Amino acid sequence: MTLEFAARTQLGDFSYDARFEAGNEIVVLFGHSGAGKSLTLQLIAGLLQPDEGRIVIGGEAVFDSGTGLNLPPQARRIGYVVQDLALFPHMTVAENVGFGMTGAGREWRLGEVLDLMHLGDFRDRKPRSLSGGQQQRVALARALACDASLLLLDEPFSALDESLRVELRRELIRLRSELDLSVIFVTHDLREAHLVADRLAVFDAGRLLQFDGRERVFRAPANRRVAELTGVANILRGRVAATRDGILTVEAGGARLRAPAPNGWRPGEGEAVDIAIRAERVNLRRLDADDPGQPNLVRGTIREELAYGATHTLRFESALEETVEVEIAARPYEVLGVAGQKSWTLELPPEDLHVMPVVSASAAGSSAGATTA
Amino acid sequence: MTALRARAPHAGLALLIAVFAVFFVLPFAGLLERGIGGSGTWDAITSDTALDALVLSLWTSAVALLIAVVAGTPVAYWLTHARFPGKGAVEALIDLPIVLPPTIAGVALLTAFGRKGLLGAPLDDWFGLTLGFSTAAVIMAQLFVGAPFYVRAARAGFGSVDAQYERVAHTLGASRLRAFARIVLPLSWPSLAAGAALCWARALGELGATLIFAGNLQGETQTMPLAILSAFERADGLTAAVALAILLLAVALVALAAFWLLSTRGRGTP
């Protein structure tokens, strides 16, 4: 099953424009609430119509503004689990799951799906009498039962306890490989996105900012906004001082940073760039007389410290214009004696620095087309 | 909380409750006392006038209810989901007969559908069809005053069904009609049943509009309320009026109880 999706629409002040595709994989739509993630699912399901666009499911066009084609939701063969599940309260589990099933062998197939989702014991119960995790499985079973090979999940685990979420995510990954599903999964939880995604689509304010493999989005965000959304704590503004042998030298604040040139984009000397580095990638070194002037080393002083138990987050003031955030595990924190020492040398390793083009907020969306291609 | 609520009411409040209760219960007691004690009660109940009126009342109100449900259900469903300018005005217009005194409704019906009315005149001229002072007029009067109760309740019922259920039903392959029958109807059933009961009760008790628009002809337009009024207006007619009132009351109670039983048993708890 494949999905090709391209849509543009205007809803009051909200303008939406996105284009992506999915194969047999889990594509996570990630972003803050109101970014357009749920809207994307509604457009795919046919509950809303875009002003312009083309949506193809499994090789069959279901919407095409060019030809005026618009199949209603009931003709699109999609499994859609909405955020609040919307289990039919007056029906039993079996009636809910069997709602979309027709044709020969219905009873037998219903039993199959109930077993697959471990719901056999609850078939005559009403949804209200089930736990959150069980209700979630009923909603999934109901969506799977009509043999949809495209599954749309809208924040499916948001109402559940952490332990249940872990279990259900594992179940989803199992189902995808067992049933050859394409799954479009909406979440605003970064960890969840990282765990379940094969590919990641980052949405912001109705625009698809980046659509790429999971690792690529996390390691090489397309721009400052994607880096912010995917939890990069340190984004520095700098200027390219030199480019040589695929290595950029960037001046940022009072520091010189060497970083590999990004794929597919070669900034010129003097061009403004953004540099991203995750908080857990910054190393702490004891002060040394040789440090000043060395590339990728910056002296800093701890201004704020937050202890999370397993990790500590340190905020440094340094020659760089922005505060540098460093995340350090509890063990090195103790071994280094960070508690008793305020001044450190910060090492920003070249391989962990990612150089991004500077994009204005309004142009951020148009870069999505380039990253999609 | 429960302890607070279960506490005995304050003395002043208790007195108020008692007076209120007496006010509502005493008329029924009076009716029964007069009916059982009166000598001509049984004769009045079994008279041709009474039976004709009862039969007419039952079948006309049933037809009015049927039309209200068949026509009112789609209208209420559409009104629940439609968005258009002036929707509030349309809703107010549908509710209008609820607050309108029935005599005004009767006059209004006459000016529209009577022999000289807006639509009544052309109907009479072209087709020789006269609606006023016929059994059809009885049903129209009952429909006019009763249907708004059903539409109102149905709108509330449909509005209380989360639209998400229908959307999900569509994505599961259900047509609009199937989603309505399997999801919306069962979930709004209690409201629809309550609305239908109100509509029928209102139609059964209809007097003012019927009297003006349909007249008071035994066997043709004389429903039970009209028969009670006619009996009462005769010299020493109170006995007959009381007897007919008891009969109508009993029939209405039995019908509503049966309806309530059917509607709760048919659906279980939604």
Side-chain angles (χ1 to χ4, degrees), chain A residues 38 41-48 57 62 70-92 95-103 106 110 113 124 126-129 135 138-148 150-154 156 184, chain B residues 69 73-74 76-78 80-85 87 153-197 259-270:
Chain A
S38 299
L41 296 192
Q42 291 178 25
L43 292 169
I44 297 171
L47 298 172
L48 280 175
I57 297 170
V62 297
N70 180 28
L71 291 186
Q74 57 266 35
R76 295 194 180 188
R77 311 305 291 166
I78 281 171
Y80 186 9
V81 178
V82 294
Q83 194 171 357
D84 54 8
L85 305 184
L87 297 177
F88 306 135
H90 58 300
M91 295 186 188
T92 63
E95 285 168 338
N96 264 283
V97 174
F99 185 84
M101 300 177 105
T102 49
R106 185 181 176 282
L110 176 60
V113 175
D124 296 323
K126 291 279 175 68
R128 199 176 303 170
S129 71
Q135 291 186 4
V138 175
L140 262 175
R142 185 176 62 178
L144 288 169
C146 36
D147 293 327
L150 176 60
L151 199 55
L152 310 178
L153 305 177
D154 196 348
I184 312 294
Chain B
V69 170
T73 306
Y77 184 70
W78 170 73
T80 311
H81 296 287
R83 299 272 174 280
F84 57 91
K87 184 181 176 186
R155 258 169 52 208
F158 294 151
S160 70
V161 177
D162 190 343
Q164 194 82 293
Y165 292 137
E166 269 178 282
R167 284 194 219 120
V168 168
H170 290 318
T171 68
L172 292 168
S175 64
R176 283 178 154 263
L177 193 64
R178 179 155 186 267
F180 181 78
R182 294 284 312 275
I183 308 293
V184 179
L185 217 48
L187 288 177
S188 54
W189 182 254
S191 292
L192 298 184
F259 181 77
W260 181 79
L261 275 176
L262 272 176
S263 65
T264 48
R265 185 171 308 170
R267 272 302 138 203
T269 44

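Naming: A, B, ... by sequence-line order, numbering from 1 per chain. All figures in this text were calculated on a predicted structure; none of them were measured in a lab.
- For a residue to count as touching a neighbouring chain, one of its non-hydrogen atoms must lie under 4.5 Å from one of that chain's; by this rule A:I78 touches chain B with the backbone only.
- Using a 3.5 Å distance cut-off with no hydrogens or angles, the side chains of A:S38 and A:D154 do pair a donor with an acceptor.
- Taking the six-membered ring for Trp, B:W78 and B:F158 have ring centres at least 6.0 Å apart.
- By number of non-hydrogen pairs under 4.5 angstrom with chain B, the leading residue of A:Q74, A:E95, A:Q42, A:R77 is A:Q74.
- For A:L152, no part sits under 4.5 Å from any heavy atom of chain B, backbone or side chain.
- Only the side chain of A:M91 comes within less than 4.5 Å of a heavy atom of chain B; its backbone N, CA, C and O stay farther away.
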Taking only distance into account, with no hydrogens and no angle test, what donor-acceptor pairs under 3.5 Å do side-chain atoms of residues 176-187 of chain B form with protein atoms, sequence neighbours excluded?
| residue | atom | partner | partner atom | Å |
| --- | --- | --- | --- | --- |
| B:R178 | NH1 | A:F99 | O | 3.4 |
| B:R178 | NH2 | A:F99 | O | 3.2 |

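- By the salt bridge (charged side-chain N to carboxylate O under 4.0 Å, His left out) test, A:D84 pairs with no residue at all, sequence neighbours left out.
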